[in-house]
Amino acid sequence: MIKTSVEDCGYKALAEKAKEAVENAYCPYSGYRVGAAVLTENGNIYTGCNIENASYGASNCAERTAVFKAVSEGERRIMAVAIFTDEGNDAPFPCGICRQVLSEFCEPDAAIIIYDGADSVYNAELAELLPYSFQFNNE
Ligand code: THU
């Protein structure tokens with residue numbers, strides 16, 4: 001994992017899409033806005049935001065919104081993911097559930113771009129964030 005700038009992260013356009021997506025965040029309970037964007041092997045970008053619910057457990061993270069949008073449009077392979085928040089000073093590392101969902105549709109070397117509101121970026125590979133991920137092989 002390297003720490004860099006949005007200019008030099010190699011995925012500036014994807015990071016900017018995640019930043020735009022934060023504007024749609026629905027987070028009346030936490031007030032913590034998150035945007036995400038995924039780049040598929042077909043070269044398409046799908047965005048997502050967090051969507052909270054009065055029954056907190058029914059909330060959905062930004063990353064999973066973006067992944068589910070992509071998969072529901074027929075995409076099956078995600079090459080890179082960008083996540084953005086401008087809330088607080090901490091970089092928006094994906095939660096454990098999102099890491100597992102990403103592992104379903106990403107190779108271990110997929111780029112995960114973690115972008116905070118201060119224009120600094122962590123560029124990680126999924127396998128660094130979720131080593132030894134659970135896989136179900138039913139072949
Ligand atoms: N959240 C995300 O959207 N992505 C993550 O990886 C972690 C958390 C959202 C869920 C909830 O709406 C808010 O951030 C606070 O947990």
Side-chain angles (χ1 to χ4, degrees):
M1 177 155 52
I2 60 166
K3 193 169 186 186
T4 180
S5 67
V6 71
E7 287 294 330
D8 296 333
C9 73
Y11 292 93
K12 186 180 177 199
L14 193 68
E16 294 301 337
K17 286 288 184 189
K19 187 173 185 174
E20 287 170 30
V22 87
E23 297 301 332
N24 292 326
Y26 177 74
C27 51
Y29 305 103
S30 74
Y32 185 78
R33 305 195 312 164
V34 187
V38 299
L39 172 68
T40 70
E41 69 173 339
N42 296 321
N44 298 318
I45 290 176
Y46 298 83
T47 61
C49 60
N50 54 331
I51 305 169
E52 296 185 347
N53 191 277
S55 179
Y56 295 174
S59 300
N60 206 53
C61 291
E63 300 90 314
R64 278 178 286 146
T65 302
V67 170
F68 295 156
K69 282 172 68 179
V71 174
S72 66
E73 293 299 319
E75 303 278 2
R76 290 292 183 270
R77 196 167 144 90
I78 291 169
M79 313 305 286
V81 182
I83 310 157
F84 174 85
T85 189
D86 54 6
E87 306 285 346
N89 298 317
D90 292 336
F93 283 93
C95 80
I97 296 173
C98 288
R99 294 179 196 204
Q100 180 64 31
V101 168
L102 289 171
S103 79
E104 188 79 21
F105 301 105
C106 295
E107 295 300 321
D109 65 354
I112 313 295
I113 304 299
I114 299 142
Y115 180 20
D116 67 29
D119 279 356
S120 84
V121 166
Y122 287 97
N123 185 336
E125 293 189 357
L126 180 60
E128 295 177 273
L129 302 180
L130 188 66
Y132 305 104
S133 67
F134 177 73
Q135 306 288 334
F136 188 83
N137 188 343
N138 60 359
E139 288 169 3

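Counting starts at 1 for both ligands and their atoms, following the listed order.
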Exercise. Can you find a heavy atom in the side chain of E125 that is under 4.5 Å from one in the side chain of I112?
Worked result: no

Seminar exercise, completed: Nearest heavy atom to atom 11 (C) of ligand 1, choosing from E52, R33, R64, E63, belongs to E52

For this session: Answer yes or no for atom 3 (O) of ligand 1: protein heavy atom present at a distance under 4.0 Å?
Result: yes

Exercise. So is P94 close enough to ligand 1, meaning a heavy atom under 4.0 angstrom away?
Worked result: yes

Exercise. Does the N or O separation between A62 and ligand 1 drop below 3.5 Å for any pair?
Worked result: yes

Exercise. For atom 10 (C) of ligand 1, what's the nearest protein heavy atom and its distance?
Worked result: C61 SG, 4.0 Å

Problem set entry | Donor-acceptor contact below 3.5 Å, side chain Q100 vs main chain F134 | yes

Seminar exercise, completed: So for S30 against ligand 1, with non-hydrogen atoms under 4.0 Å, the contacting part is side chain

Problem set entry | Closest approach of any protein heavy atom to atom 9 (C) of ligand 1, naming residue and atom | N50 ND2, 3.7 Å

Seminar exercise, completed: heavy-atom search around atom 14 (O) of ligand 1 in the protein gives Y32 CD2, 3.3 Å

Exercise. Does I45 reach the side chain of L14, with side-chain heavy atoms less than 4.5 Å apart?
Worked result: yes

Exercise. For atom CD of Q135, is the number of surrounding heavy atoms from other residues, nucleotides or ligands below 6.0 Å larger than 12?
Worked result: yes

Problem set entry | Pairing of E107 and R77 as salt bridge, 4.0 angstrom limit | yes

For this session: Assess the pair F93 and Y122: is the distance between their ring centroids shorter than 6.0 Å?
Result: yes

